[in-house]
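The chains referred to below are lettered A, B, ... by the order of the sequence lines, with proteins before strands, and numbering in each begins at 1.
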Number of protein chains: 2
Amino acid sequence: MSTPADDRTPAAERAYAIVKQQILTGRLPGGALLSEAQVGAEIGVSRTPVHEAFLRLAAERLLTLETRRGAVVVPLAADETRDVLEAREAIEASAARRVCDDARAAQVAATLAPSVATMREHVATGDVEAFVAADDAFHAAVVHAAGNALLSSFYALLGDRQSRLRHQLLRVRAYQLAGAADDHAALADALAHGDPERYARVLHEHVARYRGAL
Amino acid sequence: MSTPADDRTPAAERAYAIVKQQILTGRLPGGALLSEAQVGAEIGVSRTPVHEAFLRLAAERLLTLETRRGAVVVPLAADETRDVLEAREAIEASAARRVCDDARAAQVAATLAPSVATMREHVATGDVEAFVAADDAFHAAVVHAAGNALLSSFYALLGDRQSRLRHQLLRVRAYQLAGAADDHAALADALAHGDPERYARVLHEHVARYRGAL
DNA sequence: GTCCGACGTCTTGCATGCAAGGTCGCGTCC
DNA sequence: GGACGCGACCTTGCATGCAAGACGTCGGAC
């Protein structure tokens, strides 16, 4: 994405963004031991803002702070994939139910339709990167539509972890994309009919398929 | 709870625990403006550990940090109650489903039975505080049993927020407790039969009732 | 009376200094 | 040769200093 190296953005913010990016992309592998001074020297700030960044990343469970030893990048747990997908499914299904309860399902589904069309285009051109981005946006939009700030922010954290998983484990094959696009169309359709149960069912299969891809 | 004022516990930890406690109990009301120096002086540490505490609390969305102004205690949102309960329900229902899928439902239900018995005792003695603690422990145990670290930690955050809501809004009436105890028995029973749908249904009503109590 | 500007005070952002404690390697003893 | 102990290095925890920026207040101009 954009380089967050603006000179006027706070140093702590820069440090946070940089280190997080490196963890999510796998450039910093699980188990790596980081020291504040070392990271600070690399990005040209003192220990203090790096310390802040480490604290934030520890709160997101991407780092564990070991006193007087350093910060270690949390290794991918064996069941990380399952945990993340399970959590996403639980939250998104709940969001869909809520959207339907509020009778805003059709409206939300309408905003989702163009998103599905975009995905199909990316399938056609084989642009995996763009497809994944559209995929994420689709699900995030449903969650966001539920209007629960707590769930939304937790969902964002899950998105980070999933992105890390993708970078570490996944080579998406283009031929899988078509099926995924169909899934999303089915999800939007369930929403259009205000049927949260069907949404949950399709979502469950969708997630299961994705999980199989790892 | 216990006073975490051990002299050997890190200053940052102490600051975090103290400020968090004050927010959750409502002693620091929403909208209150805190300064690092002031809080530091009160608990006898310098600005640095207080700054750390503020960062952690901001990550938990209990504080918002306004640059060069101070830290503001996040006010209770109008839909905070709904958001928290909705999130808890989504997570716990998912956990129950998982426990049943893993065929550990009966086993988990067995560990829950004494908990329900304890609750009934607290109902008899009218010990609201103890009942609430047992109530929390019951739900947390179900979530924990699912073995999803992400959901567990998020659930813990929700517990904090709910505790804050309780302190701010709720006067639990003793006569409500009996019904709540029955709810928990029904939840344990659904689990004992490995029926996640029934669990979800009972939970939904349980939560709705609780929400009505606000 | 009202509006506008400057100043003083308060706030945090960040750098740095110092000390406590952990780790690893080397030398010595058995 | 192996194990134990000591020391040097490296790490963070925390205090503090300095500067930049936000807010409120007070005074003056109109």
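Rounded to an integer number of Å, the gap from CZ of Arg68(B) to C1' of dT11(C) is 9 Å. For the pair Leu33(A) CG and dG22(C) C1', the interatomic distance rounds to 12 Å; values are reported in whole Å. Distance NE2 (His51(B)) to C1' (dT11(C)): 12 Å, rounded to an integer number of Å.
First and last contacts of DNA chain D with chain A, using any nucleotide atom under 4.0 Å from a protein heavy atom and ordered 5' to 3', fall at dT11(D) to dC14(D).
Of the residues near DNA chain C, Ala71(B) and Val45(A), the one whose nearest nucleotide (by heavy atom distance) lies more toward the 5' end is Ala71(B). If Arg47(A) and Ala37(B) are placed on DNA chain C by their nearest nucleotide, the residue sitting closer to the 5' end is Ala37(B).
No side-chain donor from either of Glu89(A) and His206(A) sits under 3.5 Å from a side-chain acceptor of the other. The closest side-chain donor-acceptor pair between Glu129(A) and His122(A), if any, does not fall under 3.5 angstrom.
Remark: Arg88(A) engages no residue in a salt bridge (Lys or Arg N to Asp or Glu O under 4.0 Å) (not counting sequence neighbours). The salt bridge (Lys or Arg N to Asp or Glu O under 4.0 Å) test applied to Arg98(A) returns Asp102(A), Glu86(B), not counting sequence neighbours.
Shown here for Ala93(A) and Leu203(A), the closest heavy-atom pair between the two residues is N-CD2, 3.8 Å.
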Could you walk me through whether Arg56(A) and Lys20(A) pass the side-chain contact (heavy atoms from CB on, under 4.5 Å) test, one step at a time?
CA-CA 10 Å; Arg56(A) 289 176 62 184; Lys20(A) 181 167 181 173; over 6 Å; no
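Base engagement by Thr48(B) is indicated by at least one non-hydrogen atom pair under 4.0 Å involving a base atom.
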